[in-house]
Amino acid sequence: MPDRDPEAVRRLLKPAAIRERAQEMLQLGLEGRLLHFSVHPERLAACADYVLETIRANYPTLDIPFHARWRHFVVGGMDRWSMLERGAHFPDAGARGRAAYDLAVVSVLLDAGAGPAWSYHDRVTGKPIGRSEGLALASLGMFAAGLFSSDAADPLRADSEALKRLDTEAFAAGFQAGPANPLLALEGRAALLNRLGEELERQGLTRPGDLFDRFIETASGGSIRAAHILAEVLGTFGGIWPSRLTIAGIALGDTWRHPLIAPDVSTAGLVPFHKLSQWLSYSLIEPLQWAGITVVDIDDLTGLPEYRNGGLFLDLGVITLKHADDAARSHEVASPLVVEWRALTVALLDELGVLIRERLDRSRDELPLAKILEGGTWAAGRRIAREKRGDGGPPLTIVSDGTVF
């Protein structure tokens, strides 16, 4: 029983366990034993060609940044975070880092699928901006307006007091959402930030930015491991996720069940992903680098199992549905079909990364997965979605509460 083996349960919070079980899912697919998907490894080379074409179009010099929230604040050729921080005149690197962490945590948690009907009117360009970039601008606008701060004299922060009392009405106004501009899972997003405020208090923290100070203190010799950042993120924010697995008193967050995985161990059937937590970890790396801290072993983190990366493999035929009518149905996040899709995505991103590094003659240190995602698979997934579907939506319809996809 897993509740009698807490060490095995804790291991599910580590990226090594995510990789291990994703590779197990891929092997089942290669053997034709999955319930919902077939795997076609002979099509991976063509997928790599498509991603490389996208990388060269977006980053012709191969100077690729990390796949992090900071990319989505660059809209219309302007880096809105840089504009905001220059105007803020932070007194020191610590104040800048804490504010950056406050923004990153809140903004990443709000970045679940917006739906094709929603957009954010950008007052700088006068244009409607949808999807992740629109959500980023909306969160930045709310941050700049002090919506997440309980101190009117210090608006550029997010603290537990303000987060706990956020209501859906204020949130809807910040997102410019309403009947004519519907945003998926609005209530779920507001509730998630309410729980964030409560969890910060339980952890003895005033604001997400306190993590920045914790990492600075932890950095031995001026460096810190990426897996340590993820462990702290999971440990600090694990309690905010709604209706998820808790075993042996350990909140497992973005972990789901599949009947074929790891049948002979105490944690049989459990498949971890920690998608938002890993993307948040990627997004927390750069503020540390700005402060002079080196983050090492970034490739210990995994690829992100969401609908852009997963859609890339499905749209290009690297994986196919065993039952064609599944394409027309809606699927719950907890369904074995979605768990298979996400696990295959994690494993195939690693396989794809090997091909892309070989073709570009780059090492893992030179081209970590975080850069391949940005260059990259996420952009290629969006591109193929637009080519195949006019609205650029995902190839499968997922019923989500706004905290996974």
Side-chain angles (χ1 to χ4, degrees), residues 58 65-88 90 96 99-149 155-158 162-163 166-178 180-190 192-193 196 208-209 276 279-280 282-284 286-287 290 304 306-308 373-374 378-379 381-382 385-386 391-393 402-403 405:
N58 292 340
F66 293 138
H67 183 60
R69 191 53 161 168
W70 307 105
R71 309 289 83 76
H72 294 150
F73 295 130
V74 181
V75 179
M78 292 171 279
D79 186 335
R80 309 302 175 79
W81 159 248
S82 293
M83 292 164 62
L84 180 63
E85 66 154 339
R86 280 198 300 270
F90 292 116
R96 180 197 190 201
Y101 265 43
D102 286 346
L103 173 61
V105 169
V106 169
S107 190
V108 165
L109 292 181
L110 294 177
D111 189 55
W118 177 84
S119 65
Y120 182 77
H121 178 74
D122 177 26
R123 292 179 177 86
V124 176
T125 62
K127 296 179 179 178
I129 310 292
R131 303 200 181 276
S132 287
E133 290 84 354
L135 292 169
L137 285 184
S139 65
L140 184 65
M142 288 184 271
F143 182 76
L147 184 66
F148 307 124
S149 173
L156 299 184
R157 59 182 276 146
L163 292 168
L166 268 177
D167 58 38
T168 304
E169 186 177 340
F171 230 40
F175 279 115
Q176 303 172 357
N181 191 32
L183 175 65
L184 294 179
L186 182 67
E187 293 82 3
R189 294 170 210 260
L192 187 64
L193 289 198
L196 171 62
L276 270 177
W279 193 44
L280 177 54
Y282 282 132
S283 300
L284 296 182
E286 283 169 79
W290 300 337
L304 303 181
E306 43 74 52
Y307 71 86
R308 290 301 181 205
L373 296 176
E374 177 61 27
W378 191 89
R382 173 180 273 186
R386 285 174 174 160
D391 66 357
T403 63
F405 281 88

Participant: For residues Arg131 and Arg382, determine if any side-chain heavy atom of one lies less than 4.5 Å from a side-chain heavy atom of the other.
Facilitator: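 In contact.
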Participant: Under 4.0 Å between a Lys/Arg side-chain N and an Asp/Glu carboxylate O for Asp122 and Arg80?
Facilitator: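 Arg80 and Asp122: salt-bridged.
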Participant: Restricting to non-hydrogen atoms, name the atom on Gly134 and the atom on Tyr120 that form the minimum distance, rounded to 0.1 Å.
Facilitator: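 It is O-CB, 3.8 Å.
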Participant: Start with the C-alpha distance between Leu109 and Arg189, add both sets of side-chain angles, then the distance that settles side chain to side chain contact (heavy atoms under 4.5 Å, CB included), and finish with yes or no.
Facilitator: CA-CA 8 Å; Leu109 292 181; Arg189 294 170 210 260; over 6 Å; no
Participant: For Leu280 and Val105, which heavy atoms make the closest approach, and how far apart are they?
Facilitator: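 So the minimum-distance heavy-atom pair works out to CD1-CA, 3.7 Å.
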Participant: At their closest point, which heavy atom of Trp279 faces which heavy atom of Ala68, and how far apart are they?
Facilitator: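 Heavy atoms only, the tightest pair is NE1-CA, 3.7 Å.
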Participant: Please round to the nearest 0.5 Å and tell me the distance separating atom OG of Ser139 and atom CG of Leu147.
Facilitator: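 Taking OG in Ser139 and CG in Leu147, the distance rounds to 11.0 Å.
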Participant: To the nearest 0.5 Å, how far apart are CG in Leu140 and NE2 in His72?
Facilitator: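 Atom-to-atom, Leu140:CG and His72:NE2 are 13.5 Å apart.
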Participant: Might you work through the side chain to side chain contact (heavy atoms under 4.5 Å, CB included) test for Leu166 and Leu163, ending with a clear yes or no?
Facilitator: CA-CA 5 Å; Leu166 268 177; Leu163 292 168; 4.2 Å; yes
Participant: Can we say Glu286 and Arg69 salt-bridge, meaning some charged N sits less than 4.0 Å from an Asp/Glu carboxylate O?
Facilitator: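 Result for this pair is no, no salt bridge flagged.
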Participant: Using modelled atom types and a 3.5 Å cut-off, is there a donor and acceptor pairing between side-chain atoms of Asn181 and backbone atoms of Ser119?
Facilitator: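 Indeed, once roles are kept as given, a pair shorter than 3.5 Å links the two residues.
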Participant: Can a salt bridge be assigned to the pair Arg96 and Glu85 using a cut-off of 4.0 Å between side-chain N and carboxylate O?
Facilitator: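 Answer for the salt bridge query: yes.
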Participant: Taking all non-hydrogen atoms of both residues, which atom of Ala158 and which atom of Pro208 are closest, and how far apart?
Facilitator: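 Distance-wise, the nearest heavy atoms are O-CD, 3.2 Å.
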Participant: Could you tell me which non-hydrogen atom of Pro155 sits nearest to which non-hydrogen atom of Ala144, and how far apart they are?
Facilitator: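 So the two residues come closest at CB-O, 4.3 Å.
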Participant: Quick check: Phe73 with Trp70 (ring centres under 6.0 Å apart)?
Facilitator: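 Yes, the ring centres sit under 6.0 Å apart.
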Participant: Counting N and O atoms only, with roles assigned by atom type, does the side chain of Gln176 sit under 3.5 Å from a partner on the main chain of His121, one being a donor and the other an acceptor?
Facilitator: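 Here the side-chain-to-backbone pair exists.
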Participant: Can any side-chain N or O of Asp102 pair as donor or acceptor with the backbone N or O of Gly209 at less than 3.5 Å?
Facilitator: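 Yes; judged by distance alone, with no hydrogens or angles, the pair exists.
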Participant: Out of curiosity, Lys127 NZ to Leu137 CG, how far, rounded to the nearest 0.5 Å?
Facilitator: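 Atom-to-atom, Lys127:NZ and Leu137:CG are 12.5 Å apart.
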Participant: Please round to the nearest 0.5 Å and tell me the distance separating atom CD of Glu374 and atom CG of Asn58.
Facilitator: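 Interatomic distance, Glu374 CD to Asn58 CG, rounded to 0.5 Å: 8.0 Å.
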Participant: So do the side chains of Leu193 and Leu196 get within less than 4.5 Å of each other, counting heavy atoms only?
Facilitator: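 Yes, close enough: below the 4.5 Å cut-off.
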Participant: Do the ring planes of Phe171 and Phe148 sit parallel (below 30°), tilted (30 to 60°) or perpendicular (above 60°)?
Facilitator: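 Answer is perpendicular, since the angle exceeds 60°.
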Participant: Determine whether a donor-acceptor pair (N or O, by modelled atom type, separation under 3.5 Å) exists between the side chain of Ser149 and the backbone of Arg157.
Facilitator: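 No: the side chain of Ser149 does not pair with the backbone of Arg157.
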Participant: Verify side chain to side chain contact (heavy atoms under 4.5 Å, CB included) between Phe143 and Val106, making sure each step is shown before the conclusion.
Facilitator: CA-CA 9 Å; Phe143 182 76; Val106 169; over 6 Å; no
Participant: Answer yes or no: is there a side-chain heavy-atom contact under 4.5 Å between Thr125 and Met78?
Facilitator: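 Yes, their side chains come closer than 4.5 Å.
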Participant: For Leu110 and Leu135, run side chain to side chain contact (heavy atoms under 4.5 Å, CB included): C-alpha distance rounded to whole Å, both residues' side-chain angles, the deciding distance at 0.1 Å, then the answer.
Facilitator: CA-CA 7 Å; Leu110 294 177; Leu135 292 169; 5.9 Å; no
Participant: Whether the side chain of Ser107 engages the backbone of Ala104 through a donor-acceptor N/O pair (distance < 3.5 Å, no angle test) should be reported.
Facilitator: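 A pair under 3.5 Å: no.
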Participant: Val74 versus Trp81: any side-chain heavy-atom pair under 4.5 Å?
Facilitator: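 They are not in contact (no side-chain heavy atoms under 4.5 Å apart), so the answer is no.
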Participant: Look at the rings of Phe175 and Trp118 and say which category their plane angle falls in: under 30° parallel, 30 to 60° tilted, over 60° perpendicular.
Facilitator: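 Ring orientation, 0 to 90° scale: perpendicular.
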Participant: So, the side chain of Arg308 versus the backbone of Ala379: is there a donor-acceptor pair under 3.5 Å, distance only?
Facilitator: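 Checked: no pair found.
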Participant: Which heavy atom of Leu373 sits nearest to which heavy atom of His67, and what is that distance?
Facilitator: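 Answer, listing the atom of Leu373 first, then His67: CB-CB, 3.7 Å.
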